[in-house]
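Counting starts at 1 for both ligands and their atoms, in listed order.
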Amino acid sequence: MGSKMKAAQISKAGGEWELVERNIPEPKPGQVRVKVEACGICHSDVLIKDGIWPGLQYPRVPGHEVAGRIDAAGDNVTTWKVGQRVGVGWHGGHDFVCEQCRRGDFAMCVNRKITGLDFDGGYQEYMIAPVSAIAAIPDDVPAEEAGPFMCAGVTVYNALRNSGARPGQVVAVHGIGGLGHLGIQYAHRMGFNTVAINRGKDKAELAQKLGAHHYIDATSQDVNAELQKLGGANVILATAPNAKAISPLTEGLAADGVLLVPAAPPEPLTLDVTPLIMRRRSVAGWYSGTARDSQDTMEFSALSGVHPMIEKYPIDRVSEAYEQMLSGKARFRVVLTF
Ligand SMILES: [Zn+2]
Ligand SMILES: [Zn+2]
C-alpha cells in the first residue's frame with residue numbers, strides 16, 4: 001500500500017471541490033481506519049460546502065454516509081476486527097461521561113461529534129472513525145446501499161420506530177426524495193397503513209411500488225381532508241424541508257397524532273395552536289441515531305427488503321455528483337464510489 005490517498009475537500013466556506021492527495025491517516029487508540037468503498041451525498045453536506053455550520057474547521061472532507069472495511073485498528077480496539085465491513089454515519093461518536101451518556105442516551109451526548117463536520121468524513125479513500133461511530137454492515141447489504149442507510153436510512157427508520165405508531169395505524173410520509181423513498185418502505189414494512197404525499201402524479205406509481213397503500217397529490221387534492229378520510233394520520237413524517245408545505249399538515253393528524261420533522265426547513269414553521277390543543281396533537285423533531293441504530297436500520301432493511309434507490313458517481317466526479325444532489329433531480333440518493 002502506498003502512503004498517499006485521494007480525498008475530496010472543501011478548503012473554505014463557499015469553496016469549490018478540490019481533489020487532493022493526502023497522507024493516509026493512522027488510527028489513534030479507540031479509533032479504526034476505514035478503507036472507504038462508498039459514501040452517500042447528503043443535503044447536509046451543504047453545511048460544509050457553504051460554511052453554514054458554526055466553528056467548522058477547514059480544509060474539511062465531508063461525508064457521513066460511509067461504507068467500507070476496517071483497514072487498521074488503533075490500540076484498545078477490542079471488539080472490531082481488521083477486514084470487517086463497517087459504516088460510519090452522522091453520529092460521529094460520544095464521550096460516554098456527560099449526563100446524557102450516563103443515562104445511556106448517546107445520541108443526545110452534549111459533546112457528540114458529527115462525521116464530516118467535526119472530523120473528516122468519507123469523501124476520501126481512507127478515513128478515521130472512533131469505534132463509538134461504527135456500525136457492522138450485514139453481509140447481504142452492498143456498500144453502495146449501506147452508505148445511504150447511515151444517515152437517510154437511520155433517520156427515518158429510527159424516527160418511525162420511536163414514533164409510537166402501532167401496526168395498522170396511519171403513517172403518512174410527506175415528500176418522496178432521499179429520505180421519503182426510504183420512509184415509505186419502512187412504514188409499509190413496519191405494518192403501518194402507509195400514505196405517500198407528494199406534489200403531482202409523477203411519483204404516484206413509484207410510491208405504490210415502494211409500499212404506499214395510498215397516494216395523495218398535494219397539487220390537486222386537499223391533503224388534510226384526504227388524511228381525515230382515513231381517520232387522520234397518527235404520524236406524519238415530514239421529509240420535504242419546506243415550511244410552507246409542512247406547517248398546515250397538523251390538521252391532517254388524528255387525535256394524539258404527531259408531525260415528526262427529521263429534516264430542518266430553512267424557514268420557521270407557522271403553527272395554529274388551537275387545532276393542536278383540541279386534538280392533543282404535537283409537532284416534534286427527530287435526531288438521527290447512534291451507530292447501533294444505524295446497524296439496526298441495515299439489519300431491518302436486509303431482513304425486510306428495503307433498498308435505497310441510488311445514482312453512483314466515481315469520487316473523481318464529486319463536483320458533478322454534488323450538483324446532481326443539489327438539483328433535486330437525483331432518484332434518490334447520490335453515492336460516491338471508490
Ligand atoms: Zn445526512
Ligand atoms: Zn456524552
Original post:
For the residue pair Trp53 and Trp90, does the interplanar ring angle fall in the parallel (under 30°), tilted (30 to 60°) or perpendicular (over 60°) class?
Top reply: perpendicular
Subject >> Contacts of the Zn ion (ligand 1) with protein N/O/S atoms, counting only those under 2.8 Å >> reply: Cys42 SG, His64 NE2, Cys151 SG
**OP:** Assess whether atom NZ of Lys35 is packed by more than 12 heavy atoms of other residues, nucleotides or ligands within 6.0 Å.
**Re:** no
Original post:
Yes or no on salt bridge (Lys or Arg N to Asp or Glu O under 4.0 Å) for Arg331 and Glu311, after CA distance, side-chain angles and deciding distance?
Top reply: CA-CA 7 Å; Arg331 286 213 164 182; Glu311 294 179 6; over 6 Å; no
Subject >> Under the ring pair (Phe, Tyr, Trp, His ring centres under 6.0 Å) test, residues paired with Phe192 that sit two or more places apart >> reply: none
Original post:
Just checking, is any N or O donor in the side chain of Gln324 or Glu320 under 3.5 Å from an acceptor N or O on the other one?
Top reply: no
Original post:
Does atom CG of Asp139 have more than 12 heavy-atom neighbours, drawn from other residues, nucleotides or ligands, at distances under 6.0 Å?
Top reply: no
**OP:** Taking atom types as modelled, find out whether Arg22 and Gln9 have a side-chain donor-acceptor pair closer than 3.5 angstrom.
**Re:** yes
**OP:** Taking the six-membered ring of Phe106 (Phe, Tyr or Trp), confirm whether the NZ or CZ of Arg292 is under 6.0 Å from its centre and within 45° of its axis.
**Re:** no
**OP:** Report the residues that fulfil ring pair (Phe, Tyr, Trp, His ring centres under 6.0 Å) with Trp17, sequence neighbours left out, ordered by chain and then residue number.
**Re:** Tyr123, Tyr322
**OP:** Taking 2.8 Å as the upper limit, name the protein N, O or S atoms near the Zn ion (ligand 2).
**Re:** Asp95 OD1, Cys98 SG, Cys101 SG, Cys109 SG
